[in-house]
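Since the structure comes first, as structure tokens, the remarks are kept for the end.
Order of the sequence lines fixes the chain letters, A, B, ..., with proteins taken first and strands second; residue numbering starts at 1 for each chain.
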Amino acid sequence: MTDIFTSKLSKSYEDVLAVNSLDLSINNEIYGLLGPNGSGKTTTVGMLTTLLSPSSGNAQVCGHDVTTEPKTVRECISYVPQYMAVDIRLTGRENIDFYAKLYGIRDKSERKKRIDYALDIMDLNDRADDLTKTYSGGMQRRLELAQALTHQPKVLFLDEPTVGLDVIARKMIWEHIADLKKNGITIFVTTHQMEEAERYCDRVGILKKGVVVKEGTPSHLKSALKSIITIKSDGKMPNILPDNVDFIGNENGSVVYASDNGADMLPSLIKKYDEAGIRVYSSMVRDPTLEDIYLMSVGTETVDTEQFNRAQIRRIIMKG
Amino acid sequence: MYRFATYVWRDTIRWKRAPLNVLSTLAMPAAWLIFMGLVMPVKYDNYLDFVTPGILVLTMLTSSLGAGSSIMFDKTLGYLNKFLALPSPRESILIGKIVFITLRGLMQSTVILIISILIGATIYPISTYIGMYILLTLFGISISALGTTVALYLDNHDSYAAFQAFVSMPLYFASTALIPMNEMPDALRYIAEFNPLTYAIDGIRDIAQGIIPTFSICFLIILAILIMIVCSWKFRSITIG
Ligand SMILES: Nc1ncnc2c1ncn2[C@@H]1O[C@H](COP(=O)(O)OP(=O)(O)O)[C@@H](O)[C@H]1O
Ligand SMILES: [Mg+2]
């Protein structure tokens, strides 16, 4: 049995094809679905968690079809959505207890055992009886993971679990995710944080406008590129590039190139800059990262972050 | 059973821990009652006895429409999505909301009844109060189911607030809450005759006089059933969209 299996899975809203013919097969791993805002990550998670019905194609989770056996699917999964939703007027323990009850664990001592276990695993023991109003963003996220754990799911869906958290909190969340996988839980996680995906995901799929354009282990994907040259200059980039040097995209104000042998090609690339009259401030040759692959696959099209921010701000205001 | 009680438990704690909520839900109806009962015309022997059923139903109306804001809150803040991905029956979310809101409304009604007695309303036998609670419960279920259904259709708090304002005041003034049916202008009377508030209010007045309001009860039962059917159908259709 495959934990997550989809075949030609698609979803369209009135005028947008949000997810386009997705084929996935995921088992005993941390699978990262990567893509810019609006690429269809949340829609994919929505279909797999039975919140949205597919427009066409099909999907099975834990061997059960999401449209014909949604209830059985929900029995084997847990889901932590993109936007945090813990009840701030409940304590950490009460928040978990609430979910444990909804998961149907009626026996009080069993419930207590599972709550204590979840609190323990997520390092929330010492603050368990404080109102979650007083929790940091990272703690609230961990609390949501703890809620999801009382259910002992086979598959855990996490939609952008680290968005909006600081570096330390992010690392902590990922360490916890990695531990869960060791305990036999399959994890489907979406993110647009490439360093994190590269470090923690067993396999990733890169989503562009609803289509998976690349899929594989991070190291396999990276092996498509030999080396990377980045150049910071006062202008754009030369029109003519040396053979064997390919433009990938723009990243943090630098232009990124791929080459089979960056160290050898750097001088001739800089020469092209000189010939075009562009002044080079700095240059660097390095090994490829997943971010480079991502950049190459989805391009640098400026993503519409405004929509995202507005929703985020509204949520923050309403919680306060 | 167990699951919907869990949702009721959650809403109760959230409500209880916001002191301002508690104060406003309890103080508002009291203020209404004192204002209407003592300040308004003294054309009737005991205007307080006449107006108390109206205040009870108005309170139930406002309180029950709050079910919609509450589900809207869960929807816009992402709680609803989390609940819908759980293995527990999805309808329990809806039932939990309606039960919590109706119980809260009954609590407010109790406050009103107590205050009305304190300021001079007639004291009835227990059976009369039981009858009143039955009518109020039916009315509360209908309106809170209506509120949640409308909130499921709308997508933000502002439009729900507009609906709330648009519905509650006209319904209230076009009912028998403040003037009896036979003293109304014709236009108003036509509306009042189809207004569920009228049935709830007149039903309670009948009960107070020892009459069993069979028609009102049947009307409210049918209304509650109809709205519940539409509501659960709508709920099902949005939850798998
Ligand atoms: N309920 C909806 N109605 C219409 N369009 C939607 C809806 N939800 C998402 N979309 C659109 O579908 C696309 C994918 O969105 P989404 O899955 O949220 O992407 P991501 O999670 O990767 O940011 C976007 O173009 C978005 O505008
Ligand atoms: Mg998303």
Turns out that what part of E94(A) lies under 4.5 Å from chain B's heavy atoms comes down to both
Most heavy-atom pairs under 4.5 Å with chain A, out of A85(B), S92(B), A18(B), belong to A85(B)
When the 4.5 angstrom heavy-atom criterion is applied to Y99(A) and chain B, the contacting part is side chain
ask   = For R111(A) and D107(A), what are the C-alpha separation, side-chain angles and deciding distance, and is it a salt bridge (Lys or Arg N to Asp or Glu O under 4.0 Å)?
value = CA-CA 6 Å; R111(A) 215 162 56 225; D107(A) 182 65; over 6 Å; no
Evaluation steps, salt bridge (Lys or Arg N to Asp or Glu O under 4.0 Å), between D97(A) and K101(A): CA-CA 6 Å; D97(A) 193 30; K101(A) 284 175 178 162; 3.6 Å; yes
Do Y199(B) and F219(B) have their ring centres less than 6.0 Å from each other?
yes
Is the ring pair F98(A)/F83(B) parallel, tilted or perpendicular, if the boundaries are 30 and 60 degrees? perpendicular
One option among P89(B), S88(B), P87(B) has the most heavy-atom pairs under 4.5 Å with chain A, and it is P87(B)
From the list V80(A), L90(A), T72(A), the residue making the most non-hydrogen contacts under 4.5 Å with chain B is L90(A)
- Message: Quick check on the 6.0 Å ring-centre criterion: do Y160(B) and F163(B) meet it?
- Response: yes
